[in-house]
Amino acid sequence: MTDTTLQRRGQRTRSVARPRRRTAGWRSLGYRYGIVAVWAVEVVVFAVLAPDTFPTAANITSLLSSQAVLLLLALALVPTLVTGEIDLSIAGTMTVAATTAAQLNAVEGLNVWLAVAVALGAAVAVGLVNAFLTVKVGVESIIVTLGMGTLLVGISVWLSNSLTISGVSPELGNLLNTQLARVNTAFFLAIGVGVAMWFVYRNTVFGRGAVFVGKNAEVARLSGLPVARIKVVSFVGTAFLAGAAGILVIGIAGGLQPTSLQTLLLPAFAAAFLGSAIIEPGTSNPIGTMVAVLFLATGISGLVLVGLDPWIRDVFYGAAVVVAVTVSRLAAMAAPSAGRP
């Protein structure tokens with residue numbers, strides 16, 4: 001075989017490889033940012049269908065301000081989901097933290113910041129119990145946290161005597177309801193938490209280790225990673241953030257109806273699962289979760305403003321969970337062959 005023939009074959013190989021690489025690159029972008037593109041289309045469609053209400057500053061700022069609690073609750077799911085576990089007790093943890101802080105401050109007269117500290121301590125205790133039963137005892141996390149969530153709601157109702165608690169100190173409300181660009185500071189606080197989490201999972205030894213554990217816990221253990229410790233920290237982190245979401249609730253509203261917070265469980269999971277199909281397909285991640293929260297909130301807002309009944313909220317979130325899990329699985333399977341970096 002002559003040198004000329006070899007050169008021609010090499011040129012043909014390179015010419016085929018370049019289009020393949022370009023195609024793989026476009027597919028990778030599609031897997032990672034497809035939801036963002038759909039979100040943009042969603043905004044345009046609702047702006048056309050409801051031009052007098054949807055694309056207004058009042059609607060946009062109201063939508064963002066109303067998502068602070070859900071943003072933080074959805075982000076609370078990320079630590080456990082990253083490590084391959086699932087925590088169904090987040091709504092219960094949020095409820096018991098909110099009830100504890102509100103009861104101690106509004107009813108018992110304890111300083112609001114001490115009440116918040118006690119409530120967050122209670123949330124951490126919940127995380128430690130979940131971690132002990134899951135990591136040390138070996139019970140499936142979905143079973144442990146399902147029971148724990150129901151238990152915590154019952155405790156919250158008992159603590160509040162089944163009554164609505166009002167009169168939480170305005171110090172907390174003043175901090176969370178102060179507006180910046182007509183959006184409350186609670187929203188920016190939740191965004192800040194998400195960015196901090198992104199930094200941890202992207203740039204720290206613990207964060208990268210947690211992602212490795214979620215991919216394959218046994219391989220991570222054989223590689224020398226402290227799998228049990230990482231999972232314990234993740235359960236505690238999830239519980240702490242869920243408790244912090246409860247503090248946002250009472251700070252923004254100035255009170256609490258303990259049984260009203262369970263409705264946030266499904267939206268939080270919808271956002272967390274959908275977020276795992278964004279940015280890093282197949283892996284739960286904070287940036288993707290925040291984008292998913294706003295994507296879903298935009299959809300709900302638009303559907304209501306075009307005249308659909310409020311029941312569409314439950315249908316939309318329920319469908320989002322099914323679609324999100326499916327898309328995340330497909331993206332995770334296809335992303336390696338798409339040239340994912």
Side-chain angles (χ1 to χ4, degrees), residues 65-77 80 86-110 112 115-116 118-127 129-130 142-169 172-173 176-177 186 190 238-272 293 296-297 300 304 309-318 320-321:
S65 294
S66 66
Q67 297 309 304
V69 174
L70 182 56
L71 269 170
L72 197 54
L73 189 63
L75 287 169
L77 285 167
T80 44
I86 189 167
D87 190 340
L88 292 172
S89 69
I90 56 165
T93 304
M94 174 177 64
T95 301
V96 80
T99 304
T100 299
Q103 184 74 15
L104 288 175
N105 175 244
V107 179
E108 305 299 334
L110 187 67
V112 65
V116 167
V118 172
L120 292 177
V124 168
V126 171
V129 173
N130 286 341
I142 192 171
I143 302 299
V144 169
T145 57
L146 177 62
M148 181 63 74
T150 305
L151 170 66
L152 294 172
V153 172
I155 291 175
S156 300
V157 173
W158 168 68
L159 287 173
S160 64
N161 293 315
S162 302
L163 300 173
T164 298
I165 305 172
S166 58
V168 173
S169 173
L172 184 59
L176 298 176
N177 289 320
T238 286
F240 179 84
L241 291 175
I247 302 304
L248 289 190
V249 170
I250 63 170
I252 293 170
L256 172 72
Q257 214 312 311
T259 58
S260 67
L261 302 183
Q262 295 305 298
T263 58
L264 292 176
L265 182 62
L266 181 60
F269 270 95
V293 168
L296 293 171
I300 294 294
V304 171
D309 292 331
W311 56 259
I312 195 64
R313 175 188 178 92
D314 293 331
V315 173
F316 192 80
Y317 278 128
V321 170

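Since this is a predicted model, take the numbers as computed values, not measurements.
The main-chain N or O of Ala101 is never found under 3.5 Å from a side-chain atom of Asn105 such that the two would form a donor-acceptor pair.
For the atom pair Leu265 CG and Thr95 OG1, the distance stands at 9.5 Å (nearest 0.5 Å). For the atom pair CD of Gln103 and CG of Asn161, the computed distance is 6.5 Å after rounding to the nearest 0.5 Å. The CD atom of Gln257 sits 11.0 Å away from the OG atom of Ser166 when rounded to the nearest 0.5 Å. Taking CD1 of Ile250 as the reference point, atom OG1 of Thr99 lies at 8.5 Å (rounded to 0.5 Å). Going from atom CZ of Phe269 over to atom CD1 of Ile86 covers 4.5 Å, rounded to the nearest 0.5 Å.
When all heavy atoms of Ile165 and Ser160 are compared, the pair lying nearest together is CD1-CB, 3.9 Å. A pairwise comparison of heavy atoms in Val129 and Met148 identifies CG1-CE, 3.4 Å as the closest pair. Nearest approach of Val293 to Ala74, heavy atoms of both residues: CG2-CB, 3.8 Å. Between Leu261 and Ala98, the shortest heavy-atom distance links the atoms CD1-CB, 4.4 Å. Nearest approach of Ala190 to Leu75, heavy atoms of both residues: O-CD1, 3.6 Å. Here the closest heavy-atom approach between residue Met94 and residue Leu73 is recorded as CE-CD2, 3.8 Å.
Thr238 and Thr80 share a side-chain donor-acceptor pair at under 3.5 Å.
Partner of Ser89 under the side-chain hydrogen bond (donor to acceptor under 3.5 Å, both in side chains) criterion, chosen from Thr150, Thr145, Asn130: Asn130.
Annotation: side chain of Leu256 is not in contact with side chain of Val168 (no heavy-atom distance under 4.5 Å). Taking the side chain as every heavy atom from C-beta outward, Ile155 and Leu151 approach each other to under 4.5 Å. For the pair Leu172 and Ile247, the minimum side-chain heavy-atom distance is below 4.5 Å.
The number of heavy-atom neighbours closer than 6.0 Å to CG of Leu163, taken from other residues, nucleotides and ligands shown, is above 12.
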